[in-house]
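Note sheet for the following structure.
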Amino acid sequence: MKHPGARARDAADPLAPLRARFVLPPGVIYLDGNSLGALPAHTAGRLQQVVSKEWGQGLIGSWNDAGWIDLPTRVGDRLARLIGAAPGEVIVADSTSLNLFKLLATALRLRPARRTLWIEGGNFPTDSYIAEGLVDLLNTLGHADPPYRLLRGAPDDLRAVDGEVALVLLSHVDYRSGTLRDMRAIAARAHAAGALVLFDLAHSAGAVPVELNACAVDFAVGCGYKYLNGGPGAPAFAFAAERHHPGLRQPLTGWLGHRRPFAFEPVYDGQPDIRQLQVGTPGVLGLAALDAGLDPLLEAGMPRLREKSLALSDCFIQALDAHLARLQLTLVTPRSAEQRGSQVSLRHPNAFAVMQALIARGIVGDFRHPDILRFGFAPLYVSFEDVACASEGVIDVLQSEAWRAFSTRPAGAVT
Ligand SMILES: Cc1ncc(COP(=O)(O)O)c(C=O)c1O
């Protein structure tokens with residue numbers, strides 16, 4: 001028997017039965033749930049029901065009869081349970097990028113005398129781009145005086161966060177290295193300077209326990225298509241702590257953020273709660289798929305998911321550890337469990353070709369520019385045997401130099 005140790009761990013794993021609730025193509029070891037979560041088996045049925053019955057038969061009446069209109073807050077309330085938020089503090093809408101824009105602007109309005117936006121220099125690009133776009137808008141069209149400015153820094157050095165800083169924006173888990181930040185300490189540090197804090201939870205929602213309220217976080221955003229298994233382009237989410245709801249004033253003042261959208265009033269009067277973050281008509285199919293994606297996560301619960309995720313990433317690191325130097329691999333992800341998200345990243349000078357060779361063997365992770373191999377361990381459907389096979393695959397692709405055959409392959413539009 002191959003990998004008896006791993007098989008024994010799978011047999012003893014209380015979450016192992018959940019794997020059968022996902023559609024996983026035969027011959028594929030899927031370690032990219034940090035980019036696009038796998039398809040839950042019941043999602044197709046749920047969509048079929050929404051399409052055929054609610055849309056096909058119920059037609060427009062389904063906005064009320066099937067509760068479509070409340071899906072953004074209903075799904076938000078379920079998601080809130082995974083991120084330590086209360087009902088009414090999370091809405092599912094739009095993309096992470098758009099939600100960032102709305103919440104960054106909200107936060108700046110809450111600290112009108114402060115003109116600095118502290119952002120994590122190495123954050124996922126959209127976070128920085130959106131912050132840049134907002135600052136540019138305020139300074140050019142708004143003629144802000146003194147002007148707004150961005151201050152770029154590292155999450156482990158918040159010394160520059162002073163009385164000028166309105167908001168600290170950073171990721172809870174770094175998308176490249178998989179480093180998990182100390183949310184409580186960062187929020188406390190920002191608050192000590194009188195600043196607000198906004199966490200991007202793209203790589204932590206559904207992957208690691210998140211305690212937004214216990215850490216007194218002000219705002220958060222995150223993706224629905226990664227560990228939440230909502231499907232490609234799934235709607236994103238936005239969190240605003242209830243204490244900020246009276247002061248919410250976001251700039252994308254669409255009709256569905258209005259207190260009475262169906263009164264069709266000529267002048268905007270925003271909802272005094274999380275619903276103000278909604279802009280236009282919700283995408284019902286995407287919301288229904290995300291709702292279905294949350295089921296197995298809520299069933300398993302974050303503590304058990306975290307325990308398994310760490311056990312999986314530990315196994316992967318241990319299996320490769322003795323070979324790292326000789327294979328020109330560098331472990332980028334922290335070894336310490338407290339600082340590790342649900343992925344393991346390795347640096348290699350030929351990372352792109354190495355990942356292509358792995359994918360050709362059915363071991364699917366991804367590549368991040370310029371030299372990072374990422375392996376995500378979604379604990380709902382990744383098994384210990386997957387980890388054993390994947391680590392063997394990595395060693396073999398490098399040892400045999402099988403990656404060389406892929407070194408001239410052009411990259412697809414999406415890596
Ligand atoms: C940290 C982080 N933020 C934001 C995004 C993307 O957000 P959007 O849903 O707007 O594409 C990603 C996508 O991978 C991400 O990793």
Side-chain angles (χ1 to χ4, degrees), residues 31-38 72 75-76 79 83 90-105 119-134 152 154-155 167-181 183 186 197-208 210 212 217 219-239 250 252 277-280 282-283 286-287 289-290 293 332-333 340-345 355 364-369 372-378 412-415:
L31 304 180
D32 212 7
N34 50 309
S35 249
L36 174 65
V75 181
L79 207 164
I83 55 174
V90 177
I91 192 148
V92 175
D94 303 320
S95 62
T96 304
S97 307
L98 273 174
N99 289 335
L100 262 168
F101 184 81
K102 293 179 247 176
L103 288 178
L104 290 179
I119 63 169
E120 177 187 349
N123 208 346
F124 188 82
T126 210
D127 299 54
S128 308
Y129 301 164
I130 292 285
E132 278 172 36
L134 176 61
R152 294 172 202 263
L167 178 80
V168 169
L169 163 65
L170 75 175
S171 279
H172 186 213
V173 173
D174 181 77
Y175 78 103
R176 252 198 279 247
S177 68
T179 306
L180 170 67
R181 277 75 183 255
M183 176 177 274
I186 290 169
V197 65
L198 193 166
F199 275 95
D200 185 329
L201 304 180
H203 294 271
S204 33
V208 300
V210 181
L212 290 174
V217 170
F219 302 107
V221 294
C223 304
Y225 45 78
K226 299 179 187 287
Y227 293 97
L228 301 181
N229 307 314
F237 64 90
F239 159 86
Q250 68 96 356
L252 300 181
L277 293 174
Q278 202 174 325
V279 180
L287 275 155
L290 177 57
V332 180
T333 308
R340 199 188 318 145
S342 199
Q343 82 189 45
V344 173
S345 302
M355 185 50 74
V364 181
D366 64 18
F367 158 80
R368 282 294 169 265
H369 189 77
I372 301 271
L373 297 157
R374 291 197 309 184
F375 301 91
F377 298 96
V414 176
T415 59

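Order of appearance sets the numbers: ligands from 1, and atoms from 1 within every ligand. On a predicted model such as this, the values are computed, not experimentally measured, just so you know.
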If we number the atoms of ligand 1 from 1 as shown, the ones under 4.0 Å from a heavy atom of Asp127 are 3 (N), 4 (C)

Are Ile119 and Arg152 side-chain neighbours, meaning at least one heavy-atom pair lies under 4.5 Å? yes

Would you mind checking which non-hydrogen protein atom is closest to atom 14 (O) of ligand 1, with the distance to 0.1 Å? Lys226 NZ, 2.6 Å

So the atoms of ligand 1 within less than 4.0 Å of a heavy atom of Ser95 turn out to be 9 (O), 10 (O)

Do Arg368 and Ser345 pair up side chain to side chain, a donor and an acceptor below 3.5 Å, judged on atom types alone? no

Which atom pair, heavy atoms only, marks the closest approach of Val332 to Ser177? CG1-CB, 3.6 Å

If every non-hydrogen atom of Gly178 is compared with every non-hydrogen atom of Gln343, which pair is closest and at what distance? N-NE2, 3.4 Å

Check this for me - ligand 1, Tyr225, N or O atoms closer than 3.5 angstrom, yes or no? yes

Quick test: of every protein heavy atom, which one is nearest to atom 16 (O) of ligand 1, and how far off is it to 0.1 Å? His203 NE2, 2.8 Å

What's the shortest heavy-atom distance between Ile83 and Ala205, and which atoms? CG2-CB, 4.1 Å

State whether the shortest distance between N or O atoms of Tyr175 and N or O atoms of ligand 1 falls below 3.5 angstrom. no

Hey, are the side chains of Leu103 and Leu167 touching, using non-hydrogen atoms and a 4.5 Å cut-off? no

Need the ligand 1 atom indices (1-based, order shown) with element for anything under 4.0 Å from a heavy-atom of Ala202. 1 (C), 2 (C), 3 (N), 15 (C)

Does any non-hydrogen side-chain atom of Asn99 lie less than 4.5 Å from one of Phe237? no

Atom 7 (O) of ligand 1: the protein heavy-atom neighbour that sits closest, reported with distance to 0.1 Å: Thr96 CB, 3.3 Å

Looking only at protein heavy atoms, what sits closest to atom 3 (N) of ligand 1 is Asp200 OD2, 2.7 Å

Hey, are the side chains of Leu198 and Leu100 touching, using non-hydrogen atoms and a 4.5 Å cut-off? yes

N/O to N/O below 3.5 Å, does that happen between Thr126 and ligand 1? no

Is Ser97 close to ligand 1, meaning an N/O of one under 3.5 Å from an N/O of the other? yes

